[in-house]
J.: 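What follows is a structure written as structure tokens; I'll ask about it next.
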Amino acid sequence: MSEEKKSLNFLEQIIEEDLANGMSKKALRFRFPPEPNGYLHIGHTKAIGISFGLGERYNAPVNLRFDDTNPVKEEQEYVDAIKEDISWLGYKWANECYSSDYFKQLYDWAVMLIKNGMAYVDSQTSEEIATQKGTPTQAGVNSPFRDRTVEENLDLFKKMKDGLFKEGEHVLRAKIDMSSPNMLMRDPIMYRILFKEHHRTGNDWNIYPMYDWTHGESDYIEQISHSLCSLEFKPHRELYNWFRDAVYEISKADLPLAPKQREFSRLNLSYTIMSKRKLMRLVDEGIVSGWDDPRMPTISGLRRRGYTPASIRSFVKTVGVSKRENVIDVALLEFKIREDLNKTANRAMAVLNPVKLVITNYPEDQEEILLAENNPEDESASSRNVPFSRELYIEREDFKEEANRKFFRLSLGKEVRLKNAYIIKGESVVKDNEGSITEIHCTYDPLSKSGSGTEESKRKVKGTLHWVSIKHAKKAEVRAYDRLFSDEAPDSHKDKDFMEFLNPNSLEIIEAYVEPSLQNAKVGDRFQFQRLGYFAVDNDSTAEKLVFNKTVGLRDIWAKKQ
RNA sequence: UGGCCCAUGGUGUAAUGGUAACACACCGGUUUUUGGUGCCGUUAUUCUAGGUUCGAGUCCUAGUGGGCCAACCA
């Protein structure tokens, strides 16, 4: 409703320009094209957010296309996981597409290119081809097979398809320019022979098309108007256009729209690695429990950790789009999940590092049910009951026998409030033989009950502590996570392996006590454990044994000052 | 015979030739029955040097710095 002028990112500007130059808004179409060879991670959410976001902005369809041209690395498992992750993020694709569905069309077009003298079968080894390619500063030389006749090429290519040659014996190459300053234009390979079973086409094909030949033509087949990808594909654009124009000439009657590729910088996150290969190593070497380990930057890991789709989408939105190399501070991601959960997560009390607190003037057998607000940020969240009794657990860090005036918590002779309950005063401690505190004794002011409206209850005390009633508390496992790497950019060190920067303390398993209302928490439920952070019920959780993942801690100025 | 891309506070992103803005982070204050939240405030001669212009972060040239490209991967 507000008329605030939203600035356009450079991709939106390109689209607006195309629209202004006569492109119909109805022609707008985007795609997200993952290769199903691994799990999606936070880096992918940027690409997803950009293309699906544009789809939402312009009310244009967005295809989910699996770029499945390499049967050696691709599996159905990944297809399923990718679909689940994108759906979970809340995006809807117009069509579920597969490059492998276009293998026949691609083959026919390749034959056409051969007939036009634009492609040839090369019969050299890959080493020979690599050598002849030259280097970025040195021109390549032509293959001795470059001038085969059309008939010979056609014959050879068909035999490649029919499985009459061995792997590596021949390839189909585009005939472009071996002296191009762009390495990709030096007669790029279009097809290789591969006797591998494909997860969708089985053993139908003995040759598989390469990325450059496949990707742009898949865009073209789907009539994608803007094919958006990351910066490292910039050099591919020239080839993308070459292939596209070659095919467009003969197919424009049926496929009138010629797609264009544009590139943006990918997302990097501090203290995080994003390479699929490296993430795979963490899984394979057992550093993490799997792709969905809550410490992993995968979508499934973040989901299990307790991140919400809304927080991730918001994150991607504020990260923006540009062509600059960038490193986003992981603190921004954490801010986004806190921001969301602060408004949506119900509060609860849990004690992670318990010490016993006895209220000596509270009757031995007395119990009370106290009322606790579920979420002060959400009026509709109502409240819940919390049992109170003479013996409680509080956090060990919330007590010091003697403390300076900066310590707002419990100490001997000082008063604090027990959240939703009474004001108490520290009286004495009980210690074991080693001198560590086993019990804290305090007295309470019976007139100071929260919400009672009495003068005593309105007294200002400096600190408020969370607690659980020992008699009523439930045991729960809490898994607290720290960042996986101790270095800001673990994989940017040329002389060091990223594994050297692993944080040995990235997982801490805690036996905690939680208030009884949490007994009914279901897998995926998210809570704010007051004064501690946000926690989500893990998949491993059962009615007998609750398991919580710490999503992120609360902002903690006190901890910083320590 | 190398080519291409990029450069704005600590980190990101805006400013579309006309007062450098927003978010995070940081630091300080304030409110608070969460040391949370909210609210207020501090933090930049836009990589350098020339040029065009009444006026340049924006356009041009050169330099500097960073990134990408030499898989039968995507």
Side-chain angles (χ1 to χ4, degrees), chain A residues 6-9 13 33-35 37 67-70 72-74 99 122 125-126 129-131 133-140 167-168 170-173 179-186 189-194 207-208 210-212 214-215 229-238 263 265 267 270 276 318-336 338-339 342-343 347 349 373 376-377 406-409 416-421 423 448 450-451 457-466 528-533 553-561:
Chain A
K6 194 183 158 284
S7 56
L8 304 177
N9 66 46
Q13 288 174 33
E35 181 187 15
N37 70 343
D67 232 334
D68 55 351
T69 61
N70 185 1
V72 178
K73 301 202 300 189
E74 295 150 9
S99 293
D122 198 344
T125 65
S126 66
I129 291 175
T131 308
K133 208 160 208 170
T135 69
T137 55
Q138 193 183 356
E167 283 187 11
H170 305 280
V171 290
L172 185 73
R173 290 230 254 170
S179 64
S180 170
N182 183 349
M183 297 293 290
L184 288 156
M185 299 300 276
R186 324 245 260 227
I189 291 170
M190 295 171 67
Y191 278 94
R192 76 283 213 187
I193 298 169
L194 234 39
I207 55 172
Y208 289 92
M210 300 289 290
Y211 166 82
D212 286 293
T214 309
H215 193 91
C229 59
S230 47
L231 238 35
E232 67 270 25
F233 289 98
K234 177 69 219 285
H236 293 252
R237 189 149 118 193
E238 193 179 0
E263 310 81 13
S265 59
L267 168 72
S270 61
K276 272 184 202 172
T318 60
V319 152
V321 189
S322 75
K323 297 167 87 161
R324 288 172 70 175
E325 293 295 329
N326 61 79
V327 181
I328 308 295
D329 192 339
V330 71
L332 180 63
L333 219 210
E334 294 174 348
F335 165 78
K336 287 297 179 179
R338 284 194 196 103
E339 180 185 46
N342 176 49
K343 294 193 177 68
R347 313 287 115 135
M349 292 196 285
E373 226 180 348
E377 305 291 319
K406 283 275 171 61
F407 189 77
F408 301 165
R409 307 176 181 191
V416 293
R417 172 171 290 283
L418 293 174
K419 181 79 185 169
N420 304 311
I423 293 174
S448 66
S450 287
S457 73
K458 290 176 186 161
R459 230 160 66 226
K460 296 287 174 200
V461 290
K462 198 68 176 155
T464 301
L465 307 187
H466 62 276
Q528 183 197 89
F529 291 171
Q530 281 180 305
R531 303 210 305 135
L532 296 175
L554 255 27
R555 231 174 121 244
D556 191 348
I557 289 171
W558 172 243
K560 265 184 215 163
K561 288 184 176 169

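Side chains are part of it too, since the values below use all heavy atoms of this structure and drop only hydrogens, waters and symmetry mates. Proteins come first, then strands; the chains are lettered A, B, ... in the order of their sequence lines, and each starts at number 1. Remember, it's a predicted structure, so these values are computed and weren't measured experimentally.
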J.: Using the P atom as the reference point in each nucleotide, state the distance between B/C59 and B/U16 in Å, no decimals.
T.: 11 Å
J.: Given atom CD1 of A/Ile328 and atom C1' of B/G10, what is their separation to the nearest angstrom?
T.: 13 Å
J.: Taking only residues two or more places apart in sequence or in another chain, which ones pass salt bridge (charged side-chain N to carboxylate O under 4.0 Å, His left out) with A/Arg173?
T.: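 Testing A/Arg173 for salt bridge (charged side-chain N to carboxylate O under 4.0 Å, His left out), a comparison that skips the adjacent residues, returns A/Asp122.
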J.: Apply salt bridge (charged side-chain N to carboxylate O under 4.0 Å, His left out) to A/Glu232 and list each qualifying residue two or more places apart in sequence or on a separate chain.
T.: A/Arg266
J.: Dot-bracket for RNA chain B, please. Rules: Watson-Crick or G-U, both distances under 3.5 Å, ( ) within the strand, [ ] when a pair crosses earlier ones, | for another strand, . otherwise.
T.: .((((((..((((....[..))))..((((.......)))).....(((((..]....))))))))))).....
J.: If you measure from the P atom in B/G10 to the same atom in B/U45, how many Å do you get, rounded?
T.: 9 Å
J.: Could you give the CG-to-P distance, from A/Asn326 to B/A14, as a whole number of Å?
T.: 11 Å
J.: Using a 4.0 Å heavy-atom cut-off across all strands, classify A/Val321 as base, sugar-phosphate, or nothing.
T.: sugar-phosphate
J.: Take atom P in B/C60 and the same atom in B/U1, then report the distance between them in whole Å.
T.: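 Nearest-Å result for B/C60 against B/U1 at atom P: 25 Å.
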J.: Checking understanding here: a glycosidic angle within 90° of 0 is syn, the rest anti, so what is B/A71?
T.: syn
J.: If I take atom NZ in residue A/Lys343 and atom P in nucleotide B/G36, what distance separates them, rounded to the nearest angstrom?
T.: 16 Å
J.: Scan nucleotides 19-35 of chain B nucleotide by nucleotide, 5' to 3', and note B when protein non-hydrogen atoms come under 4.0 Å of the base, S if they reach only the sugar-phosphate, - if neither.
T.: -----SSS------BBB
J.: Apply side-chain contact (heavy atoms from CB on, under 4.5 Å) to A/Asn9 and list each qualifying residue two or more places apart in sequence or on a separate chain.
T.: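 If we apply the side-chain contact (heavy atoms from CB on, under 4.5 Å) test to A/Asn9, skipping adjacent residues, the hits are A/Leu11, A/Glu12, A/Val321.
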J.: What residues form a salt bridge (charged side-chain N to carboxylate O under 4.0 Å, His left out) with A/Arg237, not counting sequence neighbours?
T.: A/Glu263
J.: Quantified in whole Å, what is the P atom distance between nucleotide B/G50 and nucleotide B/A56?
T.: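 Result for the P pair: 14 Å, nearest Å.
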J.: Give a yes-or-no answer on whether the side chains of A/Asn326 and A/Ser265 include a donor-acceptor pair shorter than 3.5 Å.
T.: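 Their side chains do contain a donor-acceptor pair, which is all the 3.5 Å distance test asks for.
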J.: Taking only residues two or more places apart in sequence, or in another chain, which ones meet A/Pro376 in a side-chain contact (heavy atoms from CB on, under 4.5 Å)?
T.: A/Arg347, A/Glu373
J.: For A/Arg417, give me all partners under salt bridge (charged side-chain N to carboxylate O under 4.0 Å, His left out), at least two apart in sequence or on another chain.
T.: none
J.: If we take the P atom in both B/G36 and B/C24, what is their distance in whole Å?
T.: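 Pairwise P distance, B/G36 against B/C24, rounds to 15 Å.
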J.: Under the rule for side chain to side chain donor-acceptor pair (under 3.5 Å), what residues qualify as partners of A/Asp212, not counting sequence neighbours?
T.: A/His236
J.: Using a 4.0 Å heavy-atom cut-off, write out nucleotides 65-74 of chain B from 5' to 3' as B (base contacted by protein), S (sugar-phosphate only) or - (no contact).
T.: --SSSB-BBB
J.: Determine the interatomic distance between C1' on B/A20 and the same-named atom on B/A44; round to the nearest Å.
T.: 8 Å
J.: For A/Lys276, enumerate each residue passing the side-chain contact (heavy atoms from CB on, under 4.5 Å) test, keeping only those at least two apart in sequence or located in another chain.
T.: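 With neighbours one apart ignored, the set is A/Asn37, A/His44.
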J.: Answer yes or no: is there a side-chain heavy-atom contact under 4.5 Å between A/Asn70 and A/Arg192?
T.: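 Yes, side chains in contact.
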J.: What integer number of Å spans the C1' atoms of B/U31 and B/G41?
T.: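 15 Å, rounded to whole Å.
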J.: If I compare all heavy atoms of A/Glu325 with all of A/Leu231, which pair ends up nearest, and what's the gap?
T.: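 Between these two residues, the closest heavy atoms are OE2-CD2, 3.9 Å.
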J.: Within the structure, does a side-chain N or O atom of A/Lys323 lie under 4.0 Å from either OP1 or OP2 of B/C5?
T.: no
J.: How close or far is atom P of B/U1 from atom CD of A/Gln138, stated in whole angstroms?
T.: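 Computing the A/Gln138:CD to B/U1:P distance gives 13 Å.
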J.: Looking at residues at least two apart in the chain, or sitting in another chain, which of them share a side-chain contact (heavy atoms from CB on, under 4.5 Å) with A/Lys343?
T.: A/Glu339
J.: For nucleotides B/A14 and B/A23, find the distance between their P atoms and express it as a whole number of Å.
T.: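 Here B/A14 and B/A23 have their P atoms 15 Å from each other.
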